[in-house]
K.L.:
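Could you have a look at this structure, given as structure tokens, before my questions?
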Amino acid sequence: MVEPVRVRFSPAPTGFLHVGGARTALFNWLFARHHGGAFILRIEDTDVARSREEWITGIQQTLLWLGLTWDEGPVLQSTRFDAYLAAAQRLLAEGHAYECYCTEEEVRERNEAARREGRTPGYDGRCRNLTVEERAALAAEGRPRTIRFRTPDEGVSRFVDVLRGEVAVDWATVHDFVIVRSDGTPLFFLANAVDDIDMDITHVIRGEDLIDSTHRVLAIRAALGHPEQPVYAHLPLIVGKDRAKLSKRHGAIALEDFRERGYLPEALLNYLALLGWAPPDGREIVSRDELIAMFELDDVNRSAAFFDYDKLDWMNGEYIRAMPLDRFEREIFEPALQRLRVAPELDAYHALAEAAQVRITTTKDLEDQLSFLVEEKNFVIPDDEWERVIATERAQELFDAAIRHLETCEWTHEGINLKSTVEGLGLKPRKVMPALYVAIEGRARALPLYESIQALGRDRSLARLRRARERLGAPSEAPPA
RNA sequence: GCCCCCAUCGUCUAGUGGCCCAGGACGCCGCCCUUUCAAGGCGGUAACGGGGAUUCGAACUCCCCUGGGGGCACCA
């Protein structure tokens with residue numbers, strides 16, 4: 001590429017950023033970084049009524065969390081209305097646009113009628129060729145006035161999409177559309193066209209849902225004296241379980257929520273990169289730098305992708321496991337303890353942290369696993385676990401032996417080892433150990449027992465075992481197996 | 001209704017006319033390891049939507065059908 005690459009991510013601040021938007025941002029960012037170009041953040045807040053300040057900051061925070069830093073911006077379109085309106089005046093003066101006095105309701109009603117009668121909806125061109133007198137009369141009625149772009153009556157609109165080849169449509173099927181609202185504010189098509197020109201955008205990478213609007217934006221560009229086209233790449237959509245496009249009100253989850261649920265930004269980034277793109281070498285775990293090095297726009301595929309949480313979970317686990325232990329302890333283990341209000345005695349918990357690292361998929365997961373460390377009065381054994389796992393034949397013997405062992409053993413991993421104690425009773429460890437897990441950790445699928453006992457300490461461990469032993473009662477009271 | 005886009009295992013994908021009776025990954029199933037659960041190792045299940053055409057030869061090219069999705073706002 002000879003010219004410097006300039007791409008933009010241009011969300012509307014009308015809601016949170018979800019995986020679809022994030023993937024679009026990521027591909028733009030990767031493309032810019034790969035080519036040493038500029039990644040620009042542009043906020044398309046031309047719809048003043050729906051745009052909110054908090055979404056603008058929210059989107060930025062999310063991008064930064066993912067590590068998608070921008071080189072220019074954020075440029076708020078709401079600060080550039082003058083430029084768009086000047087362009088509109090020029091289009092008006094040169095006959096590419098006209099003043100339209102149809103109200104929103106009228107247009108909507110006519111469209112609905114058209115749909116009902118099986119005709120194609122779309123602006124019917126009522127105000128297309130008004131005379132000066134007619135316009136004056138309508139204005140005198142106090143009717144609101146919009147500025148509407150006049151699309152060509154015939155011919156074909158075409159552009160080349162990197163992923164899909166030539167995309168062509170008959171102009172006859174593209175109806176005139178509003179570029180300035182009756183309140184005088186500009187709309188997406190106008191602002192988008194003007195900004196892409198003014199910002200020297202070279203490549204437009206966005207969702208496929210915008211593919212049809214491309215013809216309209218291109219028509220404005222041409223009318224404004226810029227017939228040259230940026231390179232377009234319309235990314236396949238990310239769909240939900242029902243294969244329908246994800247949106248704020250349809251199945252989409254805010255990226256913010258992924259953060260709260262304990263996903264690592266690098267894992268989410270990696271996963272997102274694999275939605276619609278695959279590295280030439282077929283690897284799944286690809287670092288940010290490798291992504292930048294390998295990413296090519298024409299390797300992106302064309303069909304919609306389903307967001308698979310199972311695979312994301314796996315990938316997040318991979319990233320957690322790949323962390324150096326000290327970093328895991330510092331950034332994930334310790335904060336989890338703090339959230340549980342457990343004093344982080346890291347020396348005592350070292351082995352536990354190591355054991356936990358390979359067992360969790362999210363950092364939120366870790367909290368559940370570590371919840372047994374809470375103070376004694378808050379520790380409870382769920383009734384169903386008690387019945388299923390602890391209240392079994394020979395449980396009394398088992399607990400008596402375990403208590404005896406832990407009362408005197410050396411307080412090391414090897415010393416705590418209960419295997420020979422259990423085997424000494426003629427019991428199979430695999431069969432009966434779960435009872436001890438539940439007594440100590442409150443659950444059968446839990447962090448390793450010896451590390452947990454060690455972390456809990458001798459007194460607290462014995463207290464839990466004795467409590468369970470007491471509840472079991474005398475041997476004769478044991479329920480028949 | 002009209003226009004546009006898409007079509008390989010359940011899911012994400014590789015594949016660009018012979019190397020494919022289709023490869024990898026997630027999931028799932030089984031076995032091993034094992035103090036539970038994981039992780040790890042080994043193995044397995046599973047797909048080119050249908051029909052034509054081109055060709056010596058099609059997952060790969062073309063056409064039709066079917067299916068799915070998107071768009072047709074004073075949203076973006």
K.L.:
Applying a 4.0 Å non-hydrogen cut-off, can you work out what A/Leu274 is touching in the nucleic acid: base, sugar-phosphate, or nothing?
P.N.:
sugar-phosphate

K.L.:
Which is true for A/Arg302 with a 4.0 Å heavy-atom rule: it touches a base, it touches only sugar-phosphate, or it touches nothing?
P.N.:
sugar-phosphate

K.L.:
Should the side chain of A/Thr14 and the base of B/C75 be counted as holding a donor-acceptor pair, with the cut-off at 3.5 Å?
P.N.:
no

K.L.:
Determine which nucleotide pairs with B/C48, using a 3.5 Å limit on both distances of a Watson-Crick or G-U wobble pair.
P.N.:
none

K.L.:
In Watson-Crick or G-U wobble terms, both distances under 3.5 Å, what is the partner of B/G67?
P.N.:
B/C6

K.L.:
Under a 3.5 Å cut-off for both contacts, is B/G30 paired Watson-Crick or G-U wobble with anything, and if yes, with which nucleotide?
P.N.:
B/C42

K.L.:
Compute both the distance and the angle, then confirm whether A/Arg216 meets the cation-pi test with A/Phe177: under 6.0 Å from the six-membered ring centre, within 45 degrees of the axis.
P.N.:
yes

K.L.:
Given that A/Tyr271 and A/Lys245 both sit by RNA chain B, which one's nearest nucleotide is further toward the 5' end?
P.N.:
A/Tyr271

K.L.:
Roughly how far apart, to the nearest Å, are B/C42 and B/A25 at atom P?
P.N.:
10 Å

K.L.:
When you measure from the side chain of A/Arg216, which nucleotide among B/G24, B/U13, B/G71 comes out closest?
P.N.:
B/G71

K.L.:
Does the side-chain ring of A/Trp314 lie flat on the base of B/C26, meaning centres under 5.5 Å and planes less than 30 degrees apart?
P.N.:
no

K.L.:
Using purine N1 to pyrimidine N3 plus N6-O4 or O6-N4 for Watson-Crick, or N1-O2 and O6-N3 for G-U wobble, each under 3.5 Å, what pairs with B/A53?
P.N.:
B/U61

K.L.:
So does A/Arg143 pair up with A/Glu141, basic N to acidic O under 4.0 Å?
P.N.:
yes

K.L.:
What interatomic distance, in whole Å, is found between C1' of B/G43 and the corresponding atom of B/C6?
P.N.:
36 Å

K.L.:
Expressed as a whole number of Å, how far does the P atom of B/C48 sit from that of B/U11?
P.N.:
12 Å

K.L.:
What integer number of Å spans the C1' atoms of B/U8 and B/U16?
P.N.:
13 Å

K.L.:
Quick check for you: to the nearest 0.5 Å, what is the distance between A/Cys102 atom SG and A/Leu138 atom CG?
P.N.:
8.5 Å

K.L.:
Apply salt bridge (charged side-chain N to carboxylate O under 4.0 Å, His left out) to the pair A/Glu208 and A/Arg302, showing each step before the final yes or no.
P.N.:
CA-CA 9 Å; A/Glu208 198 201 328; A/Arg302 293 176 291 271; over 6 Å; no

K.L.:
Could a donor-acceptor pair under 3.5 angstrom be found where the side chain of A/Asp209 meets the base of B/G71?
P.N.:
no

K.L.:
Between B/G23 and B/C63, how far apart are the C1' atoms? Round to whole Å, please.
P.N.:
30 Å

K.L.:
Checking contacts here: which listed nucleotide (B/A76, B/G69, B/G27) is nearest the side-chain heavy atoms of A/Asp310?
P.N.:
B/G27

K.L.:
Should the ring pair A/Tyr309 and A/Phe307 be called parallel, tilted or perpendicular, given that the plane angle runs from 0 to 90° and is split at 30 and 60?
P.N.:
perpendicular

K.L.:
Got a second to check how far A/Ile320's CD1 is from A/Phe333's CZ, nearest 0.5 Å?
P.N.:
13.0 Å

K.L.:
How far, in whole Å, is B/U35 from B/U45 if one measures between their P atoms?
P.N.:
32 Å

K.L.:
Please report the distance separating the P of B/U55 from the corresponding atom of B/C62, rounded so that it comes out in whole Å.
P.N.:
16 Å

K.L.:
Check every atom of B/G10, B/U34, B/C74 against the side chain of A/Pro144 and return the nucleotide holding the closest atom.
P.N.:
B/C74

K.L.:
With both distances under 3.5 angstrom, what nucleotide forms a Watson-Crick or G-U wobble pair with B/G1?
P.N.:
B/C72

K.L.:
Using purine N1 to pyrimidine N3 plus N6-O4 or O6-N4 for Watson-Crick, or N1-O2 and O6-N3 for G-U wobble, each under 3.5 Å, what pairs with B/U35?
P.N.:
none

K.L.:
Taking the P atom in each of B/U66 and B/G15, what is the distance between them to the nearest angstrom?
P.N.:
30 Å

K.L.:
Which residue, A/Ala278 or A/Val178, contacts RNA chain B at a nucleotide closer to its 5' end, judged by nearest heavy atom?
P.N.:
A/Ala278

